[in-house]
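Notes for the one structure printed next.
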Amino acid sequence: MNISIICVGKIKENFYTEAIAEYSKRLSRFCKLNIIEVPDEKIPENASLKEEELVKEKEGKKIIAKIPASAFVYTLEIGGKAYSSDEFASEIASQGLSGNSHLVFIIGGSLGLSSEVRKLSDSKLSFSKFTFPHQLMRVILLEQIYRGFKINANEPYHK
C-alpha cells in the first residue's frame, strides 16, 4: 500500500522531526510512505477574513497539484468522522480490499484547508474537536497509521 501525507509547511522543531523519522522507519515494513510538504503562505498580521481565505486558496492550489489522480483522499478536519484506533485500522484495511492502494492524507496549514481541497476529499477525518498545531498533527497521524497497520497485522502495540 502507498500512503502519502500532503502537508503545508516545514517542520521546524527537532523533536517533531525525530518523531516523524521514527514512525516513517516503523511504517516502512507495512507501506511505502511519502511525505509531501508544500510551502505555507505568509499570513499578514491582523489579516482580514478575505486575506485568510486567499492564503487558504493559494495553499490549496499547491496541495491539489500534489494529489495523485487515482488516490483515495482523506482530509483532516475538525468536523470529520472520528474513529477509534481499531475502527481506523479497519478503515485502512477496507480501503486496501476495495482496491484503493494509494491513500492520501491532507493536513492543512494554520488556517485550515481551502474549500476546493475539502471538495476533493473522499473522506473527512477528525482526530478530535481540539485544534492541534499542524506540525504535531503530522506526528499524531503517523502514529495512528502505524498503530492501524500493527492492529491489522495482529501484532502487539502499547495501548
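Residues passing the side chain to side chain donor-acceptor pair (under 3.5 Å) test with Glu13: none are found, sequence neighbours excluded. For Glu18, the side chain to side chain donor-acceptor pair (under 3.5 Å) criterion is met by no residue, not counting sequence neighbours. Shown here are the side chain to side chain donor-acceptor pair (under 3.5 Å) partners of Glu57, two or more places apart in sequence or in another chain: there are none. Residues satisfying the side chain to side chain donor-acceptor pair (under 3.5 Å) criterion with Ser121, sequence neighbours excluded, are Thr75.
Atom CE of Met1 is separated from atom OG of Ser101 by 7.0 Å, given to the nearest 0.5 angstrom. Atom CG of residue Leu54 and atom CG of residue Leu111 lie 11.0 Å apart, to the nearest 0.5 angstrom. Put simply, CD1 on Ile92 and CD1 on Ile3 are 6.0 Å apart, with the number rounded to the nearest 0.5 Å. The structure places NZ of Lys66 at 11.0 Å from OG of Ser4, a figure rounded to the nearest 0.5 Å. Taking OG from Ser114 and CG from Leu120, the interatomic distance works out to 8.0 Å, rounded to the nearest 0.5 Å. Taking CG of Leu141 as the start and SG of Cys7 as the end, the distance is 9.0 Å to the nearest 0.5 Å.
Taken together through direct or relayed side-chain contacts under 4.5 Å among Ile, Leu, Val, Met, Phe, Trp and Tyr, Ile20 and Val104 form parts of separate hydrophobic clusters. Ile35 and Val73 sit in two unconnected hydrophobic clusters of ILVMFWY residues. Membership requires side-chain heavy atoms under 4.5 Å apart, directly or through other members. Under a hydrophobic-cluster definition in which Ile, Leu, Val, Met, Phe, Trp and Tyr are linked whenever side-chain heavy atoms come within less than 4.5 Å, directly or via other members, Ile106 and Ile64 are assigned to the same cluster. Under the 4.5 Å side-chain heavy-atom criterion for grouping Ile, Leu, Val, Met, Phe, Trp and Tyr, Val8 is not connected to Leu125 through any hydrophobic cluster. Using a 4.5 Å cut-off between side-chain heavy atoms of Ile, Leu, Val, Met, Phe, Trp and Tyr, with links allowed through other members, Ile107 and Val38 fall into different hydrophobic clusters.
Taking 4.5 Å as the limit, every side-chain heavy atom of Ser28 sits out of range of all side-chain heavy atoms of Leu33. Within the 4.5 Å cutoff, side-chain heavy atoms of Met137 are placed close to those of Ile140. Annotation: side chain of Leu142 is in contact with side chain of Leu27 (closest heavy-atom distance under 4.5 Å).
Put simply, the side chain of Glu143 never gets that close to the backbone of Tyr23: no donor and acceptor are under 3.5 Å apart. Between the side chain of Lys62 and the backbone N or O of Pro39, at least one donor-acceptor pair lies under 3.5 Å. Checked by atom type and distance alone, the side chain of Glu22 never pairs as donor or acceptor with a backbone atom of Ala19 at under 3.5 Å.
Residue pairs meeting the side chain to side chain donor-acceptor pair (under 3.5 Å) criterion with at least one partner in residues 122-140, sequence neighbours excluded, are Glu37-Arg138. Applying the ring pair (Phe, Tyr, Trp, His ring centres under 6.0 Å) test to residues at least two apart or on different chains, the pairs with a partner in residues 28-78 are Phe30-Phe149, Phe72-Tyr74, Tyr74-Phe105.
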For side chain to side chain contact (heavy atoms under 4.5 Å, CB included), just list the numbers for Glu52 and Leu49, CA-CA rounded to whole Å, side-chain angles, deciding distance to a tenth of an Å, and then say yes or no. CA-CA 5 Å; Glu52 288 182 357; Leu49 287 176; 3.9 Å; yes
Could you please spell out the steps behind the side chain to side chain donor-acceptor pair (under 3.5 Å) verdict for Ser70 and His102? CA-CA 7 Å; Ser70 62; His102 194 165; 5.5 Å; no
For Phe88 and Ile145, what are the C-alpha separation, side-chain angles and deciding distance, and is it a side chain to side chain contact (heavy atoms under 4.5 Å, CB included)? CA-CA 8 Å; Phe88 187 57; Ile145 293 170; 4.0 Å; yes
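A salt bridge does not link Lys56 to Glu59: none of the charged nitrogens lies less than 4.0 Å from a carboxylate oxygen.
Smallest separation of non-hydrogen atoms from Glu155 and Arg29: OE2-NH2, 2.8 Å. Nearest approach of Ala89 to Asn152, heavy atoms of both residues: O-ND2, 2.9 Å. Between Ile63 and Ile6, the shortest heavy-atom contact is CG2-CG2, 4.0 Å. Contact record, Leu113 with Arg118: O-NH1, 2.9 Å, taken as the closest heavy-atom pair. Between Asp40 and Lys12 the shortest heavy-atom distance is OD2-NZ, 4.4 Å. Shown here for Gln144 and Ser85, the closest heavy-atom pair between the two residues is OE1-OG, 2.9 Å.
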